[in-house]
**Student:** 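Submitted below is the structure of interest, expressed as C-alpha cells.
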Amino acid sequence: MKKILVWFRNELRIHDNPALFLACQEKNAQVESVYIAPIEQWKEHNMSKIQCFFIWKNLKIFSKNLQKIGIKLNYFSCKKYRDQIKIIYYFCLKKKIGKIFYNKEYSVNEIKRDQKIKKILKRKKIKIIDLRGNLIFSPGKILSKKNIPYKKYYFFKKSFISLVKKKKISCFPVPKMKKEIFFSDCIPPFYKSFQKNRYKLQNFGEKEAIKKLKNFCRYKIKHYHKANKTVNDERNSQISAFLSIGVISPRKCLYEVTKRKKYSQLSEGEKKWIEEIIWREFYKHTLFFYPKFFFVKHYISWTENIRWRKNRKIFKSWTNGKTGCPIVDASMRMLKKKGWINNRLRMICASFLVKNLFIDWRMGEKYFMSKLIDGDVALNNGNWQWIASTGINSSPYYRIFNPYYQSKKIDKKGKFIKKWIPELNQISTEHLHEENFLKKIKNYSKIPEKDKYSKEEIIDLYEKNKIKI
DNA sequence: CACGGGTTCGG
DNA sequence: CGAACCCGT
C-alpha cells in the first residue's frame, strides 16, 4: 500500500479541495495529512490576533471533519516560513510518503518555499502534485489580447466574465467516506493572551460557512448592490473571514450564485457580489505577476518621490478613532474592537489617512492587517495602493474621498456614528456630517487643523512630485 | 502582421 | 491620465 500526504496550507475545508479530493482518488493508498502553523512569521507579518484565533478554531473543526472521512491531521507549529520545509521533509521520510498533494499559493514567500521543497523532494523521488484550490482561474489564464496580464481591473473583469460565460463552474466534491477514526487533535492556541470576549465573533467551521453562503445567496444577495450605500452589516455576506483562510473556496462562492442561471440572467446584486470575487482574483493574479509593485516599488513610478509623513501621534489618533471626523472615528473604533468593518468604511478611513492627514499608506496597510479578521496581503495592499494612487489600477491622485459627504450618504441618521462615539450622543443628526459644526464641540477629541490638509493642498503635494521619468 | 491613431472607460 | 481595445493601413 502506498502512502500519500495531503499538505493543507490555506484551505481548511473538505468541500472543493482539489488536493484532498484527488489524493483520496488514488487507488490502494493510505492518506496522511499535515498542517503547519508558522506562528512567529505570522506575527512578524502583522497577522491579527483575531485572525490567528479564527484559524485555530477552524483548524480544530477541520481536524474533526477529516476524522469523519478517515483521515488524521498531523499538526505542527514552527517559527519561520522555511521551517515548514524541514517538517515536511522529515515527515515524508519517517512515514515513507511517496507522493504529496497540495493546493498552490501565489504570494512571494509561499512560491519560494514550494520551489525549495520541490527541489529537495525530487532527490528523494517523492512526487509532488500541486493544484489550484484557492483561485477560480490560474494566473496566466486571464490575459490581454497581447498575452500580457492585465493591469486594469475593468479589462480583467470583462475577460473574467467572458470566461465564466464559456465555462461551467463546478466544484470538487467531498471525498468518499472511509472508516471514521478518533483521536484528540492536540492543537494548542496560537496566542495565549487572546481574550476572545472582547470580540463578538462569528461562528466557526466549514458547515457554518457554507450555511452562511447559501443563506446569503438565497435572501440577501438581491440587495447587495445597495450595500455600499449603508453601514448596515446585514447587507454583507460576512464570509470574507472564511474566504481569507480557506474555510470556503472562491469557486464555491461563484458556483452558489451561478449554478441555476446563466450569467446574463443574474440580478444586479448577484453581479455586484461576483465582482467582489473578481476583485479578489484580480489582486491575487496581479501580485503573482508583479510582486515588486506590491512590496518594493510603486507602479506609478513618480509617486516614489512623495515624502509622506510618518507622525506617530497623528497616526495614533487615527488608529484610536480620535481624528474628529465622525465616520472615520466610528469605523476605526469598530475595527479595533471587532476586527471587521465593511469595504466602504475601509476605503473612507484609508483615504482619510492618506489624503487628509498625508501619512504613509504603508503604516495604514500594516495597521489594517494587524486588526482585520479577514486580512489578506494581496487585497489589503492592493486596496491601500488604490486609495494612495500609487499602485496598479490605482485611482487618479486628484480623486479624493470627501468623508463628510460619504458619511451623510451611508449613515444619514447617524445611528452607526452614535453607536461608536458616545461623545456625540447629544448632537442632533443634521450636524453629525457638518465639518464646521463638529470643530466647535469641546469634549470630542480631534486632530489639530494645522495637521490636516485640504483637497487642494494634497493635490499640490502630489503634483509637486510629478516629475516624469 | 506590426504599427499607430482613435475611442472607451474608470471602485 | 493611460491601459487596452478596435480598426485601418
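Below, chain A is the first sequence line, B the second, and so on; all start at residue 1.
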**Student:** Taking NZ from A/K145 and P from C/dA3, how many angstroms apart are they, rounded to a whole number?
**Tutor:**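 Nearest whole value for this atom pair: 18 Å.
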**Student:** Measure from the side-chain heavy atoms of A/K466 and tell me the nearest of C/dA3, C/dC6, C/dC1.
**Tutor:**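 My answer, after comparing the listed nucleotides, is C/dC1.
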**Student:** Counting only side-chain N and O atoms of A/Y150, is one of them less than 4.0 Å from OP1 or OP2 of C/dC5?
**Tutor:**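 Checking C/dC5 against A/Y150, a side-chain N or O does come within under 4.0 Å of OP1 or OP2.
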**Student:** On the six-membered ring of A/Y404, is A/K409 placed so that its NZ or CZ lies under 6.0 angstrom from the centre and within 45° of the ring axis?
**Tutor:**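 Checked: cation-pi criterion not met.
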**Student:** Once the angle between the rings of A/W279 and A/F282 is folded into 0 to 90°, is it parallel (under 30°), tilted (30 to 60°) or perpendicular (over 60°)?
**Tutor:**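 The arrangement is perpendicular - the two ring planes meet at more than 60°.
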**Student:** What contact category does A/N383 fall into here, base, sugar-phosphate, or nothing, at under 4.0 angstrom with non-hydrogen atoms?
**Tutor:**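 Result for A/N383 = base.
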**Student:** In whole angstrom, give the distance that lies between atom NZ of A/K157 and atom P of C/dC5.
**Tutor:**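 Value for this atom pair: 15 Å.
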**Student:** Contact boundaries of DNA chain B with chain A (under 4.0 Å, heavy atoms), 5' to 3'?
**Tutor:**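 With heavy atoms of chain A under 4.0 Å away, the range is B/dC9 to B/dG11.
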**Student:** Expressed in angstrom and rounded to an integer, what is the separation of A/K146 atom NZ from C/dC6 atom P?
**Tutor:**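 Rounded to whole Å, this separation is 12 Å.
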**Student:** Tell me: CG of A/N393 to C1' of C/dA3, nearest whole Å?
**Tutor:**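 My rounded result for the distance is 10 Å.
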**Student:** Does a donor on one side chain and an acceptor on the other come within less than 3.5 Å for A/D329 and A/Y444?
**Tutor:**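 Yes, side-chain donor-acceptor contact under 3.5 Å.
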**Student:** Which residues pass the side-chain hydrogen bond (donor to acceptor under 3.5 Å, both in side chains) test with A/E110, sequence neighbours left out?
**Tutor:**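 side-chain hydrogen bond (donor to acceptor under 3.5 Å, both in side chains) list for A/E110, sorted by chain: A/Y81.
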**Student:** For the pair made of CD1 in A/I300 and P in C/dC1, what is the distance, rounded to whole Å?
**Tutor:**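 Going from CD1 in A/I300 over to P in C/dC1 covers 13 Å.
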**Student:** Write down the distance between OH (A/Y154) and P (C/dA4), rounded to a whole number of angstrom.
**Tutor:**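 That distance rounds to 13 Å.
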**Student:** Once the angle between the rings of A/W302 and A/Y462 is folded into 0 to 90°, is it parallel (under 30°), tilted (30 to 60°) or perpendicular (over 60°)?
**Tutor:**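 Ring orientation of A/W302 relative to A/Y462: perpendicular.
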**Student:** Can A/R9 be said to sit on top of A/Y35's aromatic six-ring, NZ or CZ under 6.0 Å from centre and within 45° of the ring axis?
**Tutor:**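 Negative - A/R9 is either too far from the ring of A/Y35 or too far off its axis.
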**Student:** Using atom CZ of A/F155 as one end and atom C1' of C/dA3 as the other, report the distance to the nearest whole Å.
**Tutor:**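 The distance from CZ of A/F155 to C1' of C/dA3 comes to 6 Å, rounded to the nearest Å.
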**Student:** For the pair made of CZ in A/F156 and P in C/dC5, what is the distance, rounded to whole Å?
**Tutor:**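 About 13 Å, once rounded to whole Å.
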**Student:** Side chains of A/S249 and A/E11: do they bring a donor and an acceptor to under 3.5 Å?
**Tutor:**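 No.
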